[in-house]
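Within every chain, numbering begins at 1; the chains are lettered A, B, ... in the order of the sequence lines, protein sequences first and strands thereafter. Please read these numbers as outputs of a predicted model, since none were measured by experiment.
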2 protein chains.
Amino acid sequence: MDASAANSTRDKLIETAKELFLTKGVDRVGVREIATKAGINLSLMNYYFRSKEMLFEAIFEMLINEKALVLKQILDSDKPLEEKIRSYVYTYIDILIEDPLLVSFVLSAIHRNNEKIVNLKAIYNLYNTDSFVAQLKREADLGRIKPIEPEQFYVSMISLILFPFSIKPLIADRNRLDERAAKLFLVERKKTIYEMLIASIRF
Amino acid sequence: MDASAANSTRDKLIETAKELFLTKGVDRVGVREIATKAGINLSLMNYYFRSKEMLFEAIFEMLINEKALVLKQILDSDKPLEEKIRSYVYTYIDILIEDPLLVSFVLSAIHRNNEKIVNLKAIYNLYNTDSFVAQLKREADLGRIKPIEPEQFYVSMISLILFPFSIKPLIADRNRLDERAAKLFLVERKKTIYEMLIASIRF
DNA sequence: GTCTATAACGGGATAGAC
DNA sequence: GTCTATCCCGTTATAGAC
């Protein structure tokens, strides 16, 4: 077969695996299931990727890099602090609303790989605080915001953004929300989070 | 054999499985590995619990109930608001410092079970906001704190507490912290979180 | 009632021959 | 690109020991 057909087979494989990995969790998806749903021969998976693990890594890099770039650009931009925080929070939540399972996917990858996680280059685009931390220090030195621990502040920010998505079923159940209402709850967090972060740095 | 011996075998099984589930993740532990490490016959696992899944459920209930009670008591107590928040944050983090893998364990359980998660009764002791939400409403009505969304506030509070533990390896790597320093970073969050929460409700 | 030994089934992951 | 062999896994069953 020619190259374009080969690519379309490969793409079909990735697309199918991505869907299954996100919904069921990597460890609960079988390679046969992926192959069947993608309509290809099982061995083709071993032909394109060498193992299920490498298929996962390819998908992980792809998924993260797709989303992380715009976030990194916001964090590294020269926007004024409060505007930057607002833009980061709102953009991040918009991304996650579209793909609510991303958080669980990444967290399970971190837990599974532990120290090896650093080897996944995509992570560097996701958690990269150098310029943001510098900006926070500068603002604090100038007395424009309260003196805070910059790294703690960043961790707090992403905690407020990301964690609720990983317990979405729990929140929905506890507040008796259907899918639509649960989504609304998460969207409303944009304002909640922004205000909480700002209140903690303003005099 | 007598009851105590039976219990000790059962306990050994639970203890071993708990350790492995926490470190490697439920889906990456084999029943044969558990049996071997516990020094018992594989058939015994099926004798005491009927399946790996039921062994998991037993351990899940045990682990959560062990820790959740004291947290629920704080949340349902009649402490003044700021003192309650302080006590909740500090106690929760103390618990997690001792068992940093608990967060990943629970999150993966939520993700795996999705809607079925509600069936795990232990969850009700972990996320139960009725009296806390009522207290927040009361304080807001009395004009003693800013008007806020109580459910959002609770979700923010647990996000700030829990999420950093689930990305501990990432935080450690990014800030070049060894185990001791990473632990210190998490301990220091007690004060950070408390201050952020209070700043967001005080006038 | 508690425990061991052993085997077998269906399915999954992967390597290598073709 | 495909087929096959091999090995690991969770589960079930059987037969028997203390």
Nearest-Å distance for atom pair CG/P, residues L44(B) and dT2(C)
10 Å
Nearest-Å distance, CZ (R28(B)) to C1' (dC9(D))?
14 Å
I want to check one thing: is the phosphate of dG1(D), taken as OP1 and OP2, less than 4.0 Å away from some side-chain N or O of Y47(A)?
no
Listing request: all side chain to side chain donor-acceptor pair (under 3.5 Å) pairs with a residue in residues 159-176 of chain A, at least two apart in sequence or in separate chains.
K168(A)-E179(A)
Starting from P on dC9(D), measure out to CD1 on I34(B) and report it in whole angstrom.
11 Å
Cut-off 3.5 Å, no hydrogens considered: what does the side-chain donor-acceptor table look like for residues 90-98 of chain A, sequence neighbours left out?
unit_1 : atom_1 : unit_2  : atom_2 : d
T91(A) : OG1    : S87(A)  : O      : 2.6
D94(A) : OD1    : K190(A) : NZ     : 2.7

Rounding to a whole Å, what distance do you find between L13(A):CG and dG1(D):P?
11 Å
Taken in chain and number order and not counting sequence neighbours, the residues that satisfy side chain to side chain contact (heavy atoms under 4.5 Å, CB included) with I198(B) are E82(B), I85(B), Y194(B), I201(B), R202(B)
For F56(A), does the six-membered ring have the charged nitrogen or CZ of R112(A) within the cation-pi criterion, i.e. under 6.0 angstrom from the centroid and within 45° of the normal?
yes
Between atom CG in N41(B) and atom P in dA13(D), what is the gap in whole Å?
17 Å
What does the B/S/- profile of nucleotides 7-18 of chain C look like, 5' to 3', with a 4.0 Å heavy-atom cutoff to protein?
-B---BBSB---
Once salt bridge (Lys or Arg N to Asp or Glu O under 4.0 Å) is applied, do any residues pair with E188(A), and if so which ones, sequence neighbours excluded?
none
Please name all residues satisfying side-chain hydrogen bond (donor to acceptor under 3.5 Å, both in side chains) with K79(B), sequence neighbours left out, ordered by chain then number.
none
Between CE of M54(B) and C1' of dT12(D) the distance, given in whole Å, is 16 Å
Tell me whether the OP1 or OP2 atom of dG1(D) has a side-chain N or O from Y48(A) closer than 4.0 Å.
yes
Nearest whole angstrom, please: distance from the C1' of dC3(D) to the CE of M45(A).
16 Å
